[in-house]
K.L.:
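Can you read through this structure? Questions will come right after.
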Amino acid sequence: MSNKQAVRVRFAPSPTGDLHVGNIRTALFDWAYARHTGGKLIFRIEDTDTERVTDQYINAAIETLKWLGLNWDEGPEVGGEYGPYLQSQRLDIYATWAQKFLDQKDAYHCYCSADELEERRQVQMKSNQAPGYDGKCRDLSADQIEKFKQAGRKPVVRMRMPDGETVFTDAIRGEVKFEHKYVPDFVLARADGSPLYTLAVAVDDVLMKITHVLRGEDLLSSTPRQIRVYQAMGVKIEEYPIFAHLPFVMGQDNAKLSKRNGEVSIAWYREQGFLPEAICNYLALLGWSPGDDKENITMAELVELFTVERVNSSPARFDMKKLEAINGDKIRALTLDEFLGWALPFLINSKVISGQADEIEVVKSALPIIQERIVKLAEIPAMLSFLFVKDFKVAPEELSKISDAASQNVLKVALSKVEVLSSWDHTSIESSLRVALIEELGLKPRVAFSALRIAVTGSHISPPLFESLQLLGKERSIDRIKAVISK
RNA sequence: GUCCCCAUCGUCUAGUGGCCUAGGACGUCGCCCUUUCACGGCGUUAACACGGGUUCAAAUCCCGUUGGGGACGCCA
């Protein structure tokens, strides 16, 4: 890209809800581009819609970004020389510019009421015209203005779109052209003086010296309006930021990603036990690719490889299965201590353990045998609970699988062998049991060990049997086997 | 409706005119490993939306069609 000055990219969400997958993909690309170029990431909160934005959502957004490891150089919590970074704290700035635009006649007061506008839109739609402001208040006479004022009307500030067209080069899509007859005059500020996105976004991008605007493609058609504000501000064309409109992330059925066709809230992914690096890795692959066949990449590799040139222009479908596959890979790559750190909160929150030191030791020794068996951290509690439950009981449907004579016999033989074992480690247990059940009784391993598995873990699906027995300890293992042997 | 954007296996993608009888990954299916479940290994499956050009040569460039998406707010 052409700017010689230091790159300044911004991520500017409007926190009207929890950050969703699409927001995060944008944030990730913003971050990766800033880091790749050695530039700055500016995090700005677009909270001009006071009806919908809440502090709770703002805090959640900050927290989510931090959790994902997408750090910013300027913005909430870290400050910066172009702040404040909450638009709600910059109201006077927008008011000043709105007034300037009015003075320059780039903008004008519009006295149309919301109801009137809606009515006219309906008429336009019915006659197959594009709905949009018709320019009624563009050139009001002093008399007309006076009448509106006397009627008690409060005007909004509306930007005048001159005749002509806006052409700009999108870094992902190439040259894009909008004829102004399709871009109606738009509102900059409400009657109470509060700014709208159209004003605030452009003013802030200029004032914060943003060089690159990477955002969702839904904002593509609002770009001419943004450029119109730059012009009114007197910004030179070579100083406009470079726009790059990222393709959508869609749900399974080709509709926008929503709760129905794949989860959207990042909070949900966190609760399920997706690792931040897995989420980022997967999201990076939606609309971008490293270029070679390597897909499992670290954040450092992403930073090294990410360029806007490699971003796709076509939308991507979100695929939970692939995210899970990547998450599984990332989990398997964790060191034991890292894995322990991620696993503990899940175990504690699900009340499998309370967090005592002795429990943690058991967890630590058990984690290696489940590490390659899970895809999400939330699966851990169910897999390890058999090591901690106080009143262990085999569920009836599993119990029924080992009530037959053959299973009972296996359990009795196994019990007798295991009771006399002097050393309780998984290799000793295994060799003793193999001799007794496989060699002497001639059973298939699958059959022989299945009954034991159910007896001691409560399920026919479990971590490896002999390691599980070792972790359980001799006493509890024997108790559990005894408990399922019918009298 | 109007404007804008988009179009390679089921999905994410590689591909920037010859290296493409289109490569990888996830998924699917099969086999191997195996005490269950996994992991791992091997193999399988399946795509350039359609029609015209341009060119010696097109998945790649151009035009059109079709299909999908977005925008058209005192939301962002």
Side-chain angles (χ1 to χ4, degrees), chain A residues 12-16 46-49 51-53 110 112-114 117-118 121 124-133 154-158 170 172-173 176-179 181-184 186-192 194 196-198 200-201 215-224 245 247-248 250 252 254-256 282 285-296 309 312-326 328 332 369-375 383 430 433-434 437-438 444-450 452-454 457 459-466 468:
Chain A
S14 179
T16 55
E46 310 230 322
D47 55 347
T48 52
D49 185 354
E51 304 267 306
R52 295 165 65 214
V53 175
C110 171
C112 299
S113 72
L117 292 172
E118 185 51 35
R121 256 196 292 276
Q124 288 169 322
M125 304 253 263
K126 274 188 190 127
S127 58
N128 269 346
Q129 282 180 285
Y133 189 67
K154 293 266 190 277
V156 300
V157 179
R158 197 178 279 276
D170 184 279
I172 292 170
R173 291 152 211 284
V176 183
K177 178 163 75 179
F178 289 89
E179 292 183 52
K181 62 179 170 184
Y182 303 121
V183 185
F186 55 98
V187 177
L188 296 170
R190 300 181 180 91
D192 65 3
S194 65
L196 258 31
Y197 168 80
T198 46
V201 71
R215 43 144 57 153
E217 74 164 287
D218 50 331
L219 273 334
L220 185 59
S221 51
S222 87
T223 307
H245 289 92
F248 282 117
M250 299 193 299
Q252 323 251 303
N254 228 13
K256 250 185 157 169
Y282 175 64
L285 264 18
L286 259 28
W288 174 86
S289 83
D292 55 17
D293 291 339
K294 193 177 178 192
E295 290 197 326
N296 188 326
E309 287 70 22
N312 261 300
S313 49
S314 51
R317 239 103 6 208
F318 186 89
D319 181 4
M320 185 71 77
K321 280 275 191 291
K322 185 145 182 176
L323 204 214
E324 288 177 345
I326 290 176
R332 270 169 250 129
I369 62 173
I370 65 164
Q371 189 163 14
E372 65 191 25
R373 278 160 229 279
I374 61 165
V375 129
M383 280 202 162
E430 177 168 4
L433 256 21
R434 274 193 189 280
L437 300 172
I438 313 300
K444 286 193 168 139
R446 183 190 190 87
V447 177
F449 299 135
S450 175
L452 272 171
R453 182 186 308 286
I454 292 172
T457 71
S459 169
H460 66 285
I461 298 171
S462 82
L465 179 59
F466 309 111
S468 296

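The chains referred to below are lettered A, B, ... by the order of the sequence lines, with proteins before strands, and numbering in each begins at 1.
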K.L.:
Round to the nearest Å and state the distance from Asp218(A) atom CG to C72(B) atom P.
P.N.:
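About 9 Å, once rounded to whole Å.
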K.L.:
State whether the distance check finds a donor on one side and an acceptor on the other, under 3.5 Å, for side chain Arg446(A) versus base U35(B).
P.N.:
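No, no donor-acceptor pair under 3.5 Å.
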K.L.:
Would you classify Pro13(A) as touching base, sugar-phosphate or nothing, given that sugar-phosphate means primed atoms plus P, OP1 and OP2, and contacts are heavy atoms under 4.0 Å?
P.N.:
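The residue Pro13(A) makes no contact with any strand.
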K.L.:
Looking across every strand, which nucleic acid part, if any, lies under 4.0 Å from Cys110(A) by heavy atom: base, sugar-phosphate, or nothing?
P.N.:
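It contacts nothing in the nucleic acid.
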K.L.:
Over how many whole Å does the gap from Ile172(A) atom CD1 to G69(B) atom P extend?
P.N.:
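Rounded to whole Å, this separation is 21 Å.
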K.L.:
With both distances under 3.5 Å as the test, what is the Watson-Crick or G-U wobble partner of A71(B)?
P.N.:
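Base-paired to U2(B).
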K.L.:
By nearest atom, which of the nucleotides A76(B), U11(B), C75(B) is closest to the Arg317(A) side chain?
P.N.:
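Of all the options, the side chain of Arg317(A) is nearest to U11(B).
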K.L.:
Of the nucleotides G1(B), U35(B), C74(B), which one has an atom closest to the side chain of Leu196(A)?
P.N.:
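Selected nucleotide (nearest to the side chain): C74(B).
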K.L.:
So what does Pro131(A) touch, heavy atoms closer than 4.0 Å: a base, only the sugar-phosphate, or nothing?
P.N.:
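Touches a base.
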K.L.:
Give the rounded distance in Å between these two atoms: CZ of Phe248(A) and P of A76(B).
P.N.:
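So the two atoms are 17 Å apart, to the nearest Å.
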K.L.:
Given that both distances must come in under 3.5 Å, which nucleotide forms a Watson-Crick or G-U wobble pair with U66(B)?
P.N.:
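Across all strands, the one nucleotide that pairs with U66(B) is A7(B).
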K.L.:
Heavy atoms under 4.0 Å, any strand shown: does Gly287(A) hit a base, just sugar-phosphate, or nothing?
P.N.:
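If one applies the 4.0 Å heavy-atom cut-off, Gly287(A) turns out to touch the sugar-phosphate alone, with no base involved.
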K.L.:
Rounded off to whole Å, could you give me the CZ-to-P distance for the Arg190(A) and G73(B) pair?
P.N.:
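In whole Å, G73(B) P and Arg190(A) CZ are 15 Å from each other.
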K.L.:
Which one, C5(B), C12(B), U2(B), comes nearest to the side chain of Glu217(A)?
P.N.:
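Looking only at heavy atoms from C-beta outward on Glu217(A), the closest nucleotide is C5(B).
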K.L.:
Please give, in whole Å, the distance from C75(B) P to Glu46(A) CD?
P.N.:
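So the CD-P distance, Glu46(A) to C75(B), works out to 14 Å.
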K.L.:
Would you mind reading off the distance between Asp170(A) atom CG and C6(B) atom P, rounded to a whole angstrom?
P.N.:
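Distance, rounded to whole Å: 9 Å.
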K.L.:
Taking the side chain of Asp49(A) as heavy atoms from C-beta outward, which of C75(B), U35(B), C4(B) is closest to it?
P.N.:
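Of C75(B), U35(B), C4(B), C75(B) is nearest to the side chain of Asp49(A).
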K.L.:
Measure from the side-chain heavy atoms of Phe449(A) and tell me the nearest of C12(B), U35(B), C6(B).
P.N.:
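The answer is U35(B), which lies nearest to the side chain.
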K.L.:
Over how many whole Å does the gap from His460(A) atom NE2 to U36(B) atom P extend?
P.N.:
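Those two atoms, NE2 and P, are 12 Å apart.
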K.L.:
Checking all strands, does Pro247(A) fall into the base, sugar-phosphate, or nothing category for heavy-atom contacts under 4.0 angstrom?
P.N.:
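No contact.
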K.L.:
Between Ala316(A) and Lys322(A), who's closer to the 5' end of RNA chain B by nearest nucleotide?
P.N.:
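Upstream on the strand: Ala316(A).
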K.L.:
State whether the distance check finds a donor on one side and an acceptor on the other, under 3.5 Å, for side chain Glu372(A) versus base G40(B).
P.N.:
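Under the 3.5 Å cut-off, the side chain and the base do not form any donor-acceptor pair.
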K.L.:
Find which nucleotide of RNA chain B each of Ser450(A) and Val375(A) is nearest to by heavy atoms, and output the residue with the more 5' nucleotide.
P.N.:
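First, find each residue's nearest nucleotide; the 5'-ward one identifies Ser450(A).
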K.L.:
Select one nucleotide: of G10(B), G23(B), C75(B), the one nearest the side-chain heavy atoms of Asp293(A).
P.N.:
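Looking only at heavy atoms from C-beta outward on Asp293(A), the closest nucleotide is G23(B).
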K.L.:
Report the base-pairing partner of C61(B) (Watson-Crick or G-U wobble, both distances below 3.5 angstrom), or none.
P.N.:
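G53(B) is the nucleotide pairing with C61(B).
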K.L.:
To the nearest Å, how far apart are Leu219(A) CG and A76(B) P?
P.N.:
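Going from Leu219(A) (CG) to A76(B) (P), I get 11 Å.
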